[in-house]
Undergrad: 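Take this structure, written in structure tokens, and hold onto it; I'll ask about it next.
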2 protein chains.
Amino acid sequence: MSGFDVGGRLKQLRMQRDLSQRELAKRAGVTNSTISLIEQNSVSPSVSSLKKILDALPVTISEFFAGEEVSREQVFYRASELTEIGDGVLSWRLIGARRPNRRMSILHERYPPGADTGEDMLEHDGEEGGVIISGTIELTVNGEVQLLTAGDAYYFDSRLPHRFRNVSDSECIIVSANNPPSFSDGGDAQHHA
Amino acid sequence: MSGFDVGGRLKQLRMQRDLSQRELAKRAGVTNSTISLIEQNSVSPSVSSLKKILDALPVTISEFFAGEEVSREQVFYRASELTEIGDGVLSWRLIGARRPNRRMSILHERYPPGADTGEDMLEHDGEEGGVIISGTIELTVNGEVQLLTAGDAYYFDSRLPHRFRNVSDSECIIVSANNPPSFSDGGDAQHHA
DNA sequence: CGTCCCTGTTGAAGATCCTTGACATCATCA
DNA sequence: TGATGATGTCAAGGATCTTCAACAGGGACG
């Protein structure tokens, strides 16, 4: 009924860490019986119990339930076959665009001089970070403005209002990653980034 | 105790969809009282109940628990202040190393000629992807071997056995991202990546 | 062999979650 | 005004989860 093997997943994570049921139970502040019953899927734990257990691993609930089936997806992407998303001014090349349930978007971005994600700040769920490969970019996050150059990097919660702008007179190249993916292949793609 | 406002989050999602407690309960196959008690944080629902409710929204458990406190973390990282992880041969520079609960690791990696993640393949939870900035890298994933050069990219499930090796005579630079993060600031960092 | 310590499993009792069936409140409408 | 239907809340009891305590099995060691 759960559609997800909670017990198996817990056991897997516990085993990976080389913990006994009793050891994990002690760290989590529950009893070994609880762990045993959950691992056998004899019960569906309460969120509070599961949280206690996962905190002891440590693993977030979100991570615990993320992913499942190991897929036979494409692994290698030639530069020429990266999905080009550009809108004429900016251009992004998305790695793994066609993966149905990927947890990240990785982008190879090109900001020509003057490129700008727009005056009204971007805000959306998730986190994003990146590295400046070449050139210079002006990044505004939550009101703070910084000029980043080759080798510099950033990482922030995407709910903070943010904006990318190339104020220099040369192209800027960035490799960035988003989580959860804000680009999807079709449908409800949010605007970058 | 939960550290996460389950009730508030559920109410938020229900409101967004313009559903009454009874309407949502009906779709989920539980009673309106259940929804009410959960939303007030009077109880910590069982995973199975929560799953039924979230399926009716529909929202995955992972999405439900993703994100929370918008933190006042560091956003901008100068090249010089990136956490250097190298072991003498390979070197990685981790973006956002000190963020407590980040969902990704973003790495600026340098593979000198001969660098190798080792003959016994890496396998761990999560997904990873990256872009080759310069040089050449030999990447093996699940038995398949490919030579990737500047502009090429990769993305795969990290549970597939994999290995990175610089078989050329020049340095290779890669920007990569992992999810969930396989590097932590202190403690049980797994080996790369 | 027996003892010791570890492992995971399992009844029965206790704690918590979930449902039943009320109740109070508010808005609509004759 | 009173009737109706919708909303969210709450007590009591049944259902489920969690603990306590016991149990069986497997090494290690003498």
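Chain letters run A, B, ... following the sequence lines, proteins first and then strands; every chain starts at 1. Given the structure is predicted, the values throughout are model-derived calculations rather than measurements.
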Undergrad: Tell me: CG of B:Leu50 to C1' of D:dC17, nearest whole Å?
TA: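 Computing the B:Leu50:CG to D:dC17:C1' distance gives 15 Å.
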Undergrad: Roughly, in whole Å, what's the span from NZ in A:Lys51 to P in D:dT18?
TA: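 Taking atom P of D:dT18 as the reference, NZ of A:Lys51 is at 15 Å.
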Undergrad: Atom CZ in B:Phe64, atom CG in B:Leu13: separation rounded to 0.5 Å?
TA: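 That separation rounds to 6.5 Å.
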Undergrad: Tell me which residues in residues 30-41 of chain B lie within less than 4.0 Å of DNA chain D, going by non-hydrogen atoms.
TA: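 Result for residues 30-41 of chain B: B:Asn32, B:Ser33, B:Ser36, B:Gln40, sorted by number.
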Undergrad: Got a sec, which residues hit side-chain contact (heavy atoms from CB on, under 4.5 Å) with A:Val30, two or more places apart in sequence or on another chain?
TA: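 Partners of A:Val30 under the side-chain contact (heavy atoms from CB on, under 4.5 Å) test: A:Ala25, A:Ala28, A:Thr34, A:Ile35, A:Lys52, A:Ile53.
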Undergrad: Checking B:Asn166 side chain against B:Ser170 main chain: does a donor-acceptor pair fall under 3.5 Å?
TA: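 Side chain of B:Asn166 to backbone of B:Ser170, a donor-acceptor pair under 3.5 Å: yes, one is there.
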Undergrad: Please state how far atom CG in B:Asp18 lies from atom P in D:dT7, giving the value in whole angstrom units.
TA: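 These atoms are roughly 11 Å apart.
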Undergrad: Rounded at 0.5 Å granularity, tell me how far CD in A:Glu138 sits from CZ in A:Phe164.
TA: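 Between atom CD of A:Glu138 and atom CZ of A:Phe164 there are 11.5 Å.
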Undergrad: Check side chain to side chain donor-acceptor pair (under 3.5 Å) between B:Ser46 and all other residues, then give those that pass, not counting sequence neighbours.
TA: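 For B:Ser46 the side chain to side chain donor-acceptor pair (under 3.5 Å) partners, ignoring immediate neighbours, are B:Ser48, B:Ser49.
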Undergrad: Name the first nucleotide and the last nucleotide along DNA chain C (5' to 3') that come under 4.0 Å of a heavy atom in chain A.
TA: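 Answer, 5' to 3': C:dT7 to C:dT10.
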Undergrad: Report yes if a side-chain nitrogen or oxygen of A:Ser49 is closer than 4.0 Å to either non-bridging phosphate oxygen (OP1 or OP2) of D:dC17; otherwise report no.
TA: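 A:Ser49 to D:dC17 OP1/OP2: no side-chain N or O under 4.0 Å.
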Undergrad: When the distance from CZ of B:Arg22 to C1' of D:dG5 is rounded to whole Å, what number comes out?
TA: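 Nearest whole value for this atom pair: 11 Å.
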Undergrad: Apply salt bridge (charged side-chain N to carboxylate O under 4.0 Å, His left out) to B:Arg14 and B:Glu39, showing your working.
TA: CA-CA 10 Å; B:Arg14 179 175 64 80; B:Glu39 285 190 354; 2.6 Å; yes
Undergrad: Assuming nearest nucleotide by heavy-atom distance, tell me which of B:Lys11 and A:Gly29 is located more 5' along DNA chain D.
TA: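 Going by which nucleotide is closer to the 5' end, it is B:Lys11.
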Undergrad: What residues, two or more places apart in sequence or in another chain, satisfy salt bridge (Lys or Arg N to Asp or Glu O under 4.0 Å) together with B:Arg22?
TA: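 Result, salt bridge (Lys or Arg N to Asp or Glu O under 4.0 Å) vs B:Arg22: none returned.
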Undergrad: For A:Arg27, check salt bridge (Lys or Arg N to Asp or Glu O under 4.0 Å) against everything at least two apart and list the hits.
TA: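 Partners of A:Arg27 under the salt bridge (Lys or Arg N to Asp or Glu O under 4.0 Å) test: A:Glu23.
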